[in-house]
Amino acid sequence: MSAGVEVRVDGLSKSFGRSNIWSDVTLTLPPGEVSVLLGPSGTGKSVFLKSLIGLLKPERGSIVIHDTDLVRCTESKLYEIRKLFGVLFQDGALFGSMNLFDNIAFPLREHTKKGEKEIRDIVMEKMTMVGLVGDEMKLPGEISGGMRKRAGLARALVLDPEIILFDEPDSGLDPVRTAYLNQLIVDLNAQTDSTFLIVTHDINTAQTLPDNIGLLYRKHLAMFGPREVLLTSEEPVVSQFLNGRREGPIGMSEEKDSEQAAREMQEAGDLAGLPPLKPQLQPSPGVGERPAVGRRRARVRDMMHTLPESAQRAIRESMTSEGSGDESPGGPRRGRHGMDDAPTEQFRR
Ligand SMILES: Nc1ncnc2c1ncn2[C@@H]1O[C@H](COP(=O)(O)OP(=O)(O)O)[C@@H](O)[C@H]1O
Ligand SMILES: [Mg+2]
């Protein structure tokens with residue numbers, strides 16, 4: 001299994017014709033960590049994932065992986081880099097006429113010269129990881145939505161990706177299936193140490209799964225940073241999202257204009273605060289610790305002084321409950337976390 005790699009996105013902008021989807025998106029996915037990108041429907045989350053794997057070309061900015069800028073590199077280099085990615089598309093994107101085994105084997109047959117014996121070993125290993133042993137001969141149409149997601153996930157894993165992108169893995173699943181899938185995602189992260197980016201608008205997923213959370217809103221990345229920053233933020237858009245409320249800046253079909261949002265917020269009065277911070281999902285017993293946990297702890301400690309007070313408090317509490325947590329704190333690295341501006345300021349754009 002390959003360990004995760006850092007993905008550095010800087011000043012990225014994407015338009016279709018004259019319609020701008022988002023601009024100036026800057027964030028770093030830390031290696032092996034689980035990051036979630038939240039945002040109302042239609043804000044360009046899928047467009048962002050497609051840009052990361054080079055299916056769409058942003059007109060400005062850079063996406064750097066292993067010292068290669070995907071926005072500017074040659075087609076052949078892009079083809080190489082793309083092999084580092086595993087992607088779980090929204091519907092699993094399985095071939096309807098192929099059984100699960102052949103669906104999962106497909107990338108191996110397409111992109112490698114491996115023989116059928118080795119392919120069988122790899123496919124069975126991944127099917128075991130996602131809990132699909134015994135279902136090899138089934139067709140996608142014969143299984144549940146949750147199983148299709150897991151099959152899509154097994155297929156995303158066969159080339160041992162360093163980065164795994166999930167486009168709304170929880171869409172169309174009931175809360176129980178979503179909980180199982182999220183547990184599976186945590187376990188896979190512990191086993192692979194790959195870098196995960198999960199697009200979702202499921203509140204429970206955002207509260208329990210990630211190390212880091214970003215929010216796409218009003219054509220900008222409103223924030224990106226340790227989970228505690230967003231989950232303790234009292235910005236109206238965040239609390240509307242986390243409480244699943246109608247009142248607030250986010251409208252039904254598109255984002256409301258700020259005047260209407262302000263009016264509603266005033267009418268709604270002093271709205272209930274944020275839900276309490278839920279503990280982060282841990283790997284299942286026997287799976288072992290996620291390798292990224294220690295690295296993240298050192299990283300977050302380094303950037304602690306740049307974070308809002310409420311986030312610092314939540315981080316300190318979680319570190320205490322995790323135990324001593326005394327890895328080497330590392331040097332005074334100040335990475336590009338996209339947190340250099342006060343988060344509050346970023347929401348006002
Ligand atoms: N290939 C494309 N050509 C033109 N417009 C597109 C294309 N793909 C997406 N869009 C537009 O980009 C916007 C964001 O889409 P999307 O990324 O699917 O949103 P989300 O995943 O956040 O719900 C939408 O308005 C959509 O119509
Ligand atoms: Mg989408």
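Whatever order the structure lists ligands and atoms in, that order sets their numbers, starting from 1. What you see below is based on every heavy atom in this structure, not just the backbone, and it leaves out hydrogens, waters and symmetry mates.
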query: If you measure every N/O of K45 against every N/O of ligand 1, is any gap under 3.5 Å?
result: yes
query: Is the Mg ion (ligand 2) under 2.8 Å from any N, O or S atom of S41?
result: no
- request: Quick one: look up the protein heavy atom nearest atom 10 (N) of ligand 1 and list residue, atom name and how far away it is.
  value: F16 CE1, 3.4 Å
message: How close do R150 and G131 get, counting heavy atoms only, and between which atoms?
response: NH1-O, 3.1 Å
- prompt: Is there at least one pair of N or O atoms, one from L56 and one from ligand 1, spaced under 3.5 Å apart?
  reply: no
- prompt: To the nearest 0.1 Å, how far is atom 16 (P) of ligand 1 from its closest protein heavy atom, and which atom is that?
  reply: G44 CA, 3.8 Å
query: For Y79, is the NZ or CZ atom of K77 found under 6.0 angstrom from the centre of its six-membered ring and inside 45 degrees of the ring axis?
result: no
task: For atom 25 (O) of ligand 1, find the nearest protein heavy atom and state the residue, atom name and distance (0.1 Å precision).
output: G42 O, 4.4 Å
Aromatic plane relationship, F196 with F166 - under 30° parallel, 30 to 60° tilted, over 60° perpendicular: tilted
message: For K114, run the salt bridge (Lys or Arg N to Asp or Glu O under 4.0 Å) check against E118, E110, E116 and tell me which one passes.
response: E118
task: May I ask whether atom 1 (N) of ligand 1 is less than 4.0 Å from at least one protein heavy atom?
output: yes
message: So that I can tick it off, tell me whether K138 and D135 are bridged by a salt bridge, with the cut-off set at under 4.0 angstrom between side-chain N and carboxylate O.
response: yes
- prompt: Have D187 and Q191 got a donor and an acceptor in their side chains that come within less than 3.5 Å?
  reply: no
message: Tell me whether S46 has any N or O atom under 3.5 angstrom from an N or O of ligand 1.
response: yes
- request: Assess R155 against F89: is NZ or CZ under 6.0 Å from the centre of the six-membered ring, and within 45 degrees of the ring's axis?
  value: no
- prompt: Any idea which part of I21 is under 4.0 Å from ligand 1, heavy-atom wise: side chain, backbone, both or neither?
  reply: side chain
